[in-house]
Novice: 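Sharing a structure below in structure tokens format, with a few things to ask.
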2 protein chains.
Amino acid sequence: MSVKILVVDDEVAICNMLEMALINAGYEAKSVYNGKDVMAALADMQPDLVLLDWMLPGMSGIEVARLIKQEPSFRELPIIMLTARTEEDSKVTGLESGADDYVTKPFSLRELMSRIKAVLRRRSPTLLDQQLVQGDLIMDVLSQRVIAYDREIPLGPTEYKLLEFFMRNPDRVFSREQLLNRVWGTNVYVEDRTVDVHILRLRKALKPADLSHLIVTVRGSGYRLAKA
Amino acid sequence: MSVKILVVDDEVAICNMLEMALINAGYEAKSVYNGKDVMAALADMQPDLVLLDWMLPGMSGIEVARLIKQEPSFRELPIIMLTARTEEDSKVTGLESGADDYVTKPFSLRELMSRIKAVLRRRSPTLLDQQLVQGDLIMDVLSQRVIAYDREIPLGPTEYKLLEFFMRNPDRVFSREQLLNRVWGTNVYVEDRTVDVHILRLRKALKPADLSHLIVTVRGSGYRLAKA
DNA sequence: AGAAATATGACAGCTATATGACAACGCCTT
DNA sequence: AAGGCGTTGTCATATAGCTGTCATATTTCT
């Protein structure tokens with residue numbers, strides 16, 4: 001579960017391009033193509049940042065920004081405005097309406113990426129250079145490595161995601177179905193029992209550090225990560 | 001034993017979507033696709049809330065709601081109506097027929113979820129609690145653990161469910177039959193005496209914490225949890 | 001004491017989970 | 001394009017843990 005970014009732009013091509021670039025940069029990305037789907041998407045995806053086009057059919061980017069900031073639970077959500085205008089006044093309006101930064105089209109991906117990083121660093125520093133710590137386990141999200149007692153624990157991609165999810169939700173029991181939804185992603189059809197196997201693999205990987213007991217089976221319910 | 005929600009909608013896709021979202025939110029979810037299966041599903045699953053589509057093939061949602069409310073044991077069961085109509089009169093009819101709330105399609109998942117929470121909070125506040133406390137006993141529902149004096153008390157699945165039920169209904173006496181119905185679930189055919197055995201096991205588990213006296217035998221009636 | 005209800009220990013069957021093996025797949029490198 | 005490497009999902013099988021029932025002991029009430 002990495003940093004999630006919601007793209008709001010009516011041009012599908014741009015959305016696709018951005019999505020690809022963002023995913024490439026290690027983010028999780030999703031797009032909506034008009035203002036009225038934004039709130040639903042926010043609730044659904046719970047993004048950590050929004051890229052918001054200035055010009056949207058039906059509802060302007062500013063209106064959308066205001067709408068977002070109006071919702072208490074999203075007041076803190078950082079917004080970066082994308083706009084074709086270069087006029088000073090639009091910049092002012094944009095920032096006034098609650099945007100955290102402002103990128104003019106055409107922009108270089110490089111610039112966009114660094115602005116995203118800057119905004120994230122300013123608004124939610126923990127997301128970027130976050131180290132997840134549970135007891136003796138340290139997960140470095142940026143380098144995607146897991147360390148215990150100064151030794152790296154090699155993990156396959158799925159085991160890594162599984163452990164990350166557990167470390168972000170320690171001590172709570174999750175059913176196999178919940179794990180499939182939240183680690184594998186929705187609309188993935190996989191056997192429930194597959195979770196068992198990956199739990200096994202995760203435990204095996206943790207074994208050399210003698211930490212396999214951290215993954216606790218809750219019979220009849222699922223699994224949880226033992227809190228330190 | 002988490003919060004259980006029954007979805008009644010003839011569109012399988014919507015049911016699946018809802019189920020997934022609900023499970024993701026930590027509920028237990030199940031769907032039926034027409035009105036005539038509802039009563040059986042109620043008896044089988046004993047849900048804590050019903051999401052009921054207004055338009056159903058054969059039997060309207062209102063009829064189903066009436067049917068549910070007509071059954072004494074389900075009179076208290078909260079119902080949220082899902083409907084495409086926005087007219088005021090349908091809302092009135094819906095609420096008159098016994099629905100507790102009313103969500104118009106298309107709805108955002110976020111809205112639906114918050115309405116579910118609201119209804120649950122209103123109708124069965126204890127269900128939402130994440131920590132149940134009775135005297136020195138603490139039950140953490142999310143991690144499915146029971147703690148007394150900083151020490152974890154290991155419980156088997158049935159003992160856990162049994163204790164959870166008692167902690168949600170403290171000080172009240174339940175007959176063996178009632179316990180079987182509410183802890184084991186209906187249409188489970190089990191000997192009455194089996195309850196005794198699980199009470200014994202629960203007491204044994206509580207013994208190390210010297211709390212086995214919390215489970216009180218009410219001769220001729222059943223058992224109850226001693227209030228702190 | 002005698003009857004009725006409950007407590008307790010043992011156990012056989014069953015269910016859920018753990019584990020090892022494997023074939024398919026995707027991704028490099030060649 | 002082919003071959004190698006690591007990863008993934010599924011299955012079959014092994015294990016472990018739980019469940020319900022019974023027989024018997026103990027308690028409680030009349």
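Note on naming: letters A, B, ... go to the chains in the order of the sequence lines (proteins, then strands), and numbering restarts at 1 for each one.
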Novice: For B:Asp140, check salt bridge (charged side-chain N to carboxylate O under 4.0 Å, His left out) against everything at least two apart and list the hits.
Specialist: none

Novice: How long is the line joining OH of A:Tyr160 and P of D:dT7, in whole Å?
Specialist: 15 Å

Novice: Sequence neighbours left out, what pairs pass ring pair (Phe, Tyr, Trp, His ring centres under 6.0 Å) with at least one residue falling in residues 191-212 of chain B?
Specialist: B:Trp184-B:His198

Novice: May I have the distance from B:Asp196 (atom CG) to C:dA10 (atom P), rounded to whole angstrom?
Specialist: 18 Å

Novice: Could you list the residues that satisfy side-chain contact (heavy atoms from CB on, under 4.5 Å) with B:Gln130, not counting sequence neighbours?
Specialist: B:Leu142

Novice: Using the side-chain contact (heavy atoms from CB on, under 4.5 Å) criterion, which residues pair with A:Asp210? Sequence neighbours excluded.
Specialist: none

Novice: Rounded to the Å, how far apart are A:Ile199 CD1 and C:dT19 P?
Specialist: 11 Å

Novice: Would you please confirm or rule out a distance under 4.0 Å between OP1 or OP2 of C:dG9 and any side-chain N or O of B:Lys204?
Specialist: yes

Novice: For the residue pair A:Tyr149 and A:Asp136, confirm or rule out a side-chain donor-acceptor distance under 3.5 Å.
Specialist: yes

Novice: What is the bend of the helix from C:dA1-D:dT30 to C:dT30-D:dA1 when you compare the axis at one end with the axis at the other, using five pairs each and rounding to 10°?
Specialist: 30°

Novice: Return yes if some donor-acceptor pair links the side-chain N/O of B:Arg75 with the main-chain N/O of B:Lys69 below 3.5 Å, else return no.
Specialist: yes

Novice: What is the distance from CG of A:Leu180 to C1' of D:dT10, rounded to the nearest Å?
Specialist: 13 Å

Novice: Tabulate protein N/O versus nucleotide N/O from nucleotides 18-21 of chain D, keeping only pairs under 3.5 Å, one per line.
Specialist:
{"from": "D:dT19", "atom 1": "OP1", "to": "B:Thr158", "atom 2": "N", "distance (Å)": "3.1"}
{"from": "D:dT19", "atom 1": "OP1", "to": "B:Thr158", "atom 2": "OG1", "distance (Å)": "2.1"}
{"from": "D:dG20", "atom 1": "OP1", "to": "B:Trp184", "atom 2": "NE1", "distance (Å)": "2.9"}
{"from": "D:dG20", "atom 1": "OP2", "to": "B:Trp184", "atom 2": "NE1", "distance (Å)": "3.3"}
{"from": "D:dG20", "atom 1": "OP2", "to": "B:His198", "atom 2": "NE2", "distance (Å)": "2.7"}
{"from": "D:dG20", "atom 1": "N7", "to": "B:Arg201", "atom 2": "NH1", "distance (Å)": "3.4"}
{"from": "D:dG20", "atom 1": "O6", "to": "B:Arg201", "atom 2": "NH2", "distance (Å)": "2.5"}
{"from": "D:dT21", "atom 1": "OP2", "to": "B:Glu191", "atom 2": "N", "distance (Å)": "2.8"}
{"from": "D:dT21", "atom 1": "OP2", "to": "B:Thr194", "atom 2": "OG1", "distance (Å)": "2.6"}

Novice: Mapping B:Leu200 and A:Tyr223 to their closest nucleotides on DNA chain C, which lands nearer the 5' end?
Specialist: B:Leu200

Novice: In whole angstroms, how far is the P atom of C:dA7 from the CG atom of B:Leu202?
Specialist: 12 Å

Novice: What heavy-atom pair brings B:Asp192 and B:Arg176 nearest, and what distance separates the two atoms?
Specialist: O-CD, 3.6 Å

Novice: Between A:Phe174 and A:Phe165 (judged by ring centroids, cut-off 6.0 Å), do the two rings come close enough to count as a pair?
Specialist: yes

